[in-house]
Novice: 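What follows is a structure written as structure tokens; I'll ask about it next.
In what follows, every heavy atom counts, from backbone to side chain, and hydrogens, waters and symmetry copies are set aside. Proteins come first, then strands; the chains are lettered A, B, ... in the order of their sequence lines, and each starts at number 1.
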2 protein chains.
Amino acid sequence: MKLAAVDVRQAASAADIVYDALRKAIIEGDLAEGENLRQDQIAQMFNTSRIPVREALSRLEQHGLITTERYKGAVVAGLSIEEIDEIFEFRALVEAEVIRLAVPNLDKDTLAAARRHCEEFGQETDSARWGEINRSFHYSLYTASRRPYYLQIVQTSLDRIDRYLRAQLTLTNGMTRANREHQAILAACLARDADLASRLTRDHVLNAGRSLVAFLKDQRS
Amino acid sequence: MKLAAVDVRQAASAADIVYDALRKAIIEGDLAEGENLRQDQIAQMFNTSRIPVREALSRLEQHGLITTERYKGAVVAGLSIEEIDEIFEFRALVEAEVIRLAVPNLDKDTLAAARRHCEEFGQETDSARWGEINRSFHYSLYTASRRPYYLQIVQTSLDRIDRYLRAQLTLTNGMTRANREHQAILAACLARDADLASRLTRDHVLNAGRSLVAFLKDQRS
DNA sequence: GATAGAAAAATTGGATCCAATATACAATAC
DNA sequence: GTATTGTATATTGGATCCAATTTTTCTATC
């Protein structure tokens, strides 16, 4: 007899499942900013009690995706223009460093995967998938930095602003610029030019931030 | 009638209280690495049920201060040398940028407060207080950067390694070097030299990291 | 005495129940 | 008609109870 070894203890708890689902829904913008998250309602959706829901909400609050008020409940967190600006500035700092650390470690397979994501991004017409492909492209390169702590921070930063980015990309045409910048970053990686890749990544993030902030300023006024 | 307005809703929940207490205990090293955290035991300590305790543990896990395994419970998280090294490298990157952004905004009062913390750090003989004073010194300057998101990240990074730093400072004499470096950083801030303050902060963090890693390598072998 | 297996105890995850608080709405005074 | 008070309902925070799982202890066997 031959069986694939599976660690059954990896089975997720109800709180994990609820957390993942809510995180995804918030990131993808399926839950509107300011929308109330009723514990009972969510519990029923997942056929569970409110206990795991509360645990999930508590975690989401730690990551800044929702805000809660005692006896009032949780609402999907909204970010001010200033907060969004700060997060993009932060991402530019950290991601520029991550790609710099990654370049020396990039192997053939990683670069090939990044190229695929890059092409996929350019060809995809379903705007709902851009956010995901964008992450895949950058992460495929970032992972080579071998800096799990950096990457975790980058992920929580991305989580906070992803919903805005997606909304903007579907409504404007920031895609073509993003695509061009992706190709330039990839080219710098292929040329093993860490400094250039770092500078381009920094600009890529800052451009996206500037473009998003301008979009939101217009939309919110 | 005239009464001072007080927002009664600020009252913390049981989960908040437990979270704060456990976070403090872990950061200060009162809970040994690998130590089991029994829900029941903690609940009794705080005269509450296990529900808020579980919420607190869930939050602590999100911040990397503990690790949990399904049906097995929570233990105080330990960091490998590599992880500690990475966190110091990350802190050096972010804190160097934060101080650079802070310098232009430093006013008289802030600088005076920083000077007090700096002197206090040099004079304090109770090693248990060094960690706290160290934070106060750096944060008094960092706050002027007006970057709440950066500061939040810096805080969680510090939280992760604080216990190791404190243990080392009590056993070795890294204090005198730290004190000298603090004075240099403060001087650069007084001279409004953002670049120098940034470089010195970067070196300060990297030096602390190198010193700690060397100490731990020796201790763990 | 050491070891494998079964029973018992301990521990966690989740469901249900109760208390505290907030919100919505009706009743009343003016 | 409007503002204020009281009441009913909805919602959250926490306690208690039950099920799933792990850890420990006991026992039989060698």
Novice: Which nucleotide in the list C:dT16, C:dA22, D:dT21 gets nearest to the side chain of A:Lys72?
Specialist: C:dA22
Novice: Roughly, in whole Å, what's the span from CG in B:Asn47 to C1' in D:dA15?
Specialist: 13 Å
Novice: Give a yes or no on this: more than 12 heavy atoms of other residues, nucleotides or ligands lie within 6.0 Å of atom CZ of A:Arg100.
Specialist: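 Yes - once you tally the heavy atoms of other residues, nucleotides and ligands closer than 6.0 Å, there are more than 12.
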Novice: If only side-chain N and O atoms of A:Gln39 are considered, is one of them under 4.0 Å from the OP1 or OP2 phosphate oxygen of D:dA10?
Specialist: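 Indeed not, no polar side-chain atom of A:Gln39 lies that close.
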Novice: May I have the distance from A:Asp16 (atom CG) to C:dT12 (atom P), rounded to whole angstrom?
Specialist: 16 Å
Novice: How many whole angstroms separate atom CG of B:Asn36 from atom C1' of C:dA10?
Specialist: 12 Å
Novice: For B:Arg166, does the CZ atom have more than 12 heavy-atom neighbours from other residues, nucleotides or ligands under 6.0 Å away?
Specialist: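 Correct, the count exceeds 12.
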Novice: Measure CZ/A:Arg54 against P/C:dG13 and give the value in whole Å, please.
Specialist: 15 Å
Novice: To the nearest Å, how far apart are A:Glu69 CD and D:dA10 P?
Specialist: 22 Å
Novice: Quick check for you: among C:dG13, D:dG14, C:dA15, whose closest atom lies nearest to any side-chain atom of B:Tyr71?
Specialist: C:dG13
Novice: If only side-chain N and O atoms of A:Gln41 are considered, is one of them under 4.0 Å from the OP1 or OP2 phosphate oxygen of D:dT11?
Specialist: no
Novice: When the axes are fitted on five pairs at both termini, how much does the helix from C:dG1-D:dC30 to C:dC30-D:dG1 curve, in 10° steps?
Specialist: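 Comparing the first five pairs with the last five, the axes sit 20° apart.
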Novice: With sugar-phosphate meaning primed atoms plus P, OP1 and OP2, does B:Leu57 contact a base, only sugar-phosphate, or nothing at under 4.0 Å between heavy atoms?
Specialist: nothing
Novice: Taking the basic N atoms (NZ, or NE/NH1/NH2) and the acidic carboxylate oxygens, is any pair closer than 4.0 Å for A:Glu86 and B:Arg147?
Specialist: no
Novice: Given atom CG of B:Asp40 and atom P of C:dG13, what is their separation to the nearest angstrom?
Specialist: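 The distance from CG of B:Asp40 to P of C:dG13 comes to 13 Å, rounded to the nearest Å.
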Novice: In whole Å, I'd like the distance from the CZ atom of B:Phe46 to the C1' atom of D:dA15.
Specialist: 18 Å
Novice: Would you call B:Glu132-B:Arg135 a salt bridge at under 4.0 Å N-O?
Specialist: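 Salt bridge flag = no for B:Arg135 with B:Glu132.
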Novice: Check the angle between the aromatic planes of B:Trp130 and B:Phe121 and answer parallel, tilted or perpendicular using the 30° and 60° thresholds.
Specialist: tilted
Novice: Hey, is the side chain of B:Arg50 pairing donor to acceptor with the base of C:dG13 inside 3.5 Å?
Specialist: yes
Novice: In terms of side-chain geometry, is the basic nitrogen of A:Asp40 or A:Arg50 positioned less than 4.0 Å from the acidic oxygen of its partner?
Specialist: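 No salt bridge links A:Asp40 with A:Arg50.
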Novice: OP1, OP2 of C:dT21 versus side-chain N and O of A:Arg70: anything below 4.0 Å?
Specialist: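 No, because none of the side-chain N or O atoms of A:Arg70 sits under 4.0 Å from OP1 or OP2 of C:dT21.
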Novice: Which of these nucleotides, D:dG14, C:dA15, D:dT12, is closest to any side-chain atom of A:Ser49?
Specialist: C:dA15
Novice: Picking from B:His63, B:Glu61, B:Glu55, what satisfies side chain to side chain donor-acceptor pair (under 3.5 Å) with B:Arg59?
Specialist: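 Testing B:Arg59 for a side chain to side chain donor-acceptor pair (under 3.5 Å) against B:His63, B:Glu61, B:Glu55 leaves exactly one candidate, B:Glu55.
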Novice: Could you work out which one of C:dG13, D:dT12, D:dG13 sits closest to the side chain of A:Arg38?
Specialist: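 From the listed options, D:dT12 comes nearest.
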Novice: Counting only side-chain heavy atoms from C-beta out, which of D:dG13, D:dA15, D:dT11 sits nearest to B:Ile51?
Specialist: D:dA15
